[in-house]
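The structure appears right after this line, and notes come after that.
Just so it is clear, the structure is predicted and the values come from calculations on it, not from any experiment. Quick note: numbers below take in every heavy atom, side chains included, and nothing from hydrogens, waters or symmetry partners.
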Amino acid sequence: MRLTVKRSVQLAMLLVCMVSLHVIYRQDNVKSEGPELHPGKFGLWNKDGDQPSGRGFRKEPVGPIQPVRQNRRKIANFHRVERSLDTHATGGAIDRTAVNSQLKKPRLLKTGIHASTLDPDSVFRKSDLKDIFISVKTTGRYHKDRMALLLETWISFVREQTYIFTDTDDSDLSKQTNGHLINTKCSSSHSRLALCCKMAVEYDTFMESNKRWFCHVDDDTYINVPQLLNLLLQYNHTDDWYLGRPSISRPIEMYDKDNEGQRIAFWFATGGAGFCISRGLALKMMPYASGGRIKTVCDKIRLPDDCTIGYIIGHLLSKRLTIVKTFHSHLEGLWMLQPMQFKNQITFSYSTYGQKLNIVNVPGYDLKNDPTRLRSIHCYLFPYIRECKQISMKRTR
């Protein structure tokens, strides 16, 4: 009886071994009949990079297993982009240029418009002068003096980036600006509606361009161009940026025109010192500013053009003003600026109050030849320019 039980156990073990060998033999035959497979990141792949038939395989790029510690969700999103490419669907080599192009494609803002209308890679490069749209607001009676002075100084550096918005046709000035003189057809007065009319044209002209930054100044403003560019390089043009300097110490307070009895407050950057708006923010302004809507808002709140811009950005869009103290207007004491500070400033201005001059105290031309001091500022900042080399840089008395 004992021998029978022992033999039964042996026979059972032998049977199990035979069955196991048979299964292994069949699997080897199946594997030898199919393509040669190699391990990949997400499954087995043949030597040609094609996905074998069967369940449990994902169509991913061929490659050896590498112990890379990455977020699995990011990896999955990357390969989801690659799987959408036509070149990958053909089973051929992956077009990495196409992959990178699709990954770098700029996102759409809520308005449905690209943050940049340039080529896809333009969003990721640094800004330069060609990305800045500089608008100068003026009027016909200042073409011969104020605009002539600006053209001889800072505009000579950025003639292609600067657009003059006026109320009068002037063929000579248009030629000097390479056709960048725009007659807004607005009134030549200094009234609130006339100023808002010009600002509306400035904004719409910027939106039609491919520029990243909208920078506005008046015709009595000098721009230190290198410092302006240095400022804008610190900010992303696809984000919401409103850069400038207020001329008052507290925000404007007024009654809300849409909610009777309620008071609102907002900051604004004074136009005399200049301000810059990123394209990302300018796109969000479109429902309130495009197509001449700035004039409508201006008439509604009964405030000047720069205040209207602040109202749209600060109140309607709830975006903050980023105060840049290196913008300067004639509404501050310009004589307090010291020459050692000039190179770091972005804008300068001037004004006259009766017999008192509010000007920058800078060495250079005498007051008779340069009453505004803008020409002297230009030569102080850029003494290597031909017309500045002969100037004796002495402190103005």
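- With respect to Asp172 and Lys175, no salt bridge is recorded, no charged nitrogen being found less than 4.0 Å from a carboxylate O.
- Side chain of Asn369 to main chain of Tyr365: no donor-acceptor pair is present (N/O by atom type, distance under 3.5 Å, no hydrogens or angles).
- A distance-only check finds no donor-acceptor pair linking the side chain of His330 to the backbone of Ser349 [under 3.5 Å].
- For the pair Arg245 and Phe327, the cation-pi test (distance below 6.0 Å, angle within 45°) is failed.
- The pair Asp305-Lys137 meets the salt-bridge criterion, with a side-chain N (NZ, NE, NH1 or NH2) lying under 4.0 Å from an Asp/Glu carboxylate O.
- Checked against a 6.0 Å centroid threshold, the rings of Tyr222 and His378 count as neighbours.
- Aromatic ring centres of Phe133 and Tyr163 lie closer together than 6.0 Å.
- For Thr270 (side chain) and Ser247 (main-chain N/O), no donor-acceptor pair under 3.5 Å exists by modelled atom type.
- Under the 3.5 Å distance criterion, the side-chain polar atoms of Asn361 are left unmatched by any main-chain donor or acceptor of Met336.
- The hydrophobic clustering, which links ILVMFWY residues whose side-chain heavy atoms are closer than 4.5 Å, places Ile277 and Leu317 together.
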Check the pair Asp240 / Lys284 against salt bridge (charged side-chain N to carboxylate O under 4.0 Å, His left out), numbers first and verdict last. CA-CA 9 Å; Asp240 303 330; Lys284 291 183 173 65; 3.1 Å; yes

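- Annotation: side-chain contact (heavy atoms from CB on, under 4.5 Å) contacts of Lys130 (sequence neighbours excluded): Arg125, Asp128, Gln161.
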Test side-chain contact (heavy atoms from CB on, under 4.5 Å) on Ile264 and Met254; report intermediate values, then the result. CA-CA 6 Å; Ile264 61 174; Met254 57 178 289; 3.7 Å; yes

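- In this structure, Gln227 contributes its side chain and Asn224 its backbone to no donor-acceptor pair below 3.5 Å.
- Of the residues listed (Tyr203, Phe165, Phe275), the one engaging His216 in a ring-ring contact (aromatic ring centres under 6.0 Å, His included) is Phe275, and it is the only one.
- Classified by interplanar angle (parallel below 30°, tilted 30° to 60°, perpendicular above 60°), the ring pair Phe214/Phe206 is parallel.
- In this structure, Glu253 CD and Phe266 CZ are separated by 10.5 Å, a value rounded to the nearest 0.5 Å.
- Taking OG1 of Thr139 as the reference point, atom CG of Leu195 lies at 9.5 Å (rounded to 0.5 Å).
- Criterion: ILVMFWY side-chain heavy atoms under 4.5 Å apart, direct or through other members. Under it, Phe268 and Leu331 are not part of a common hydrophobic cluster.
- Checking His143 against Thr138 by side-chain atom types alone, no donor-acceptor pair falls below 3.5 Å.
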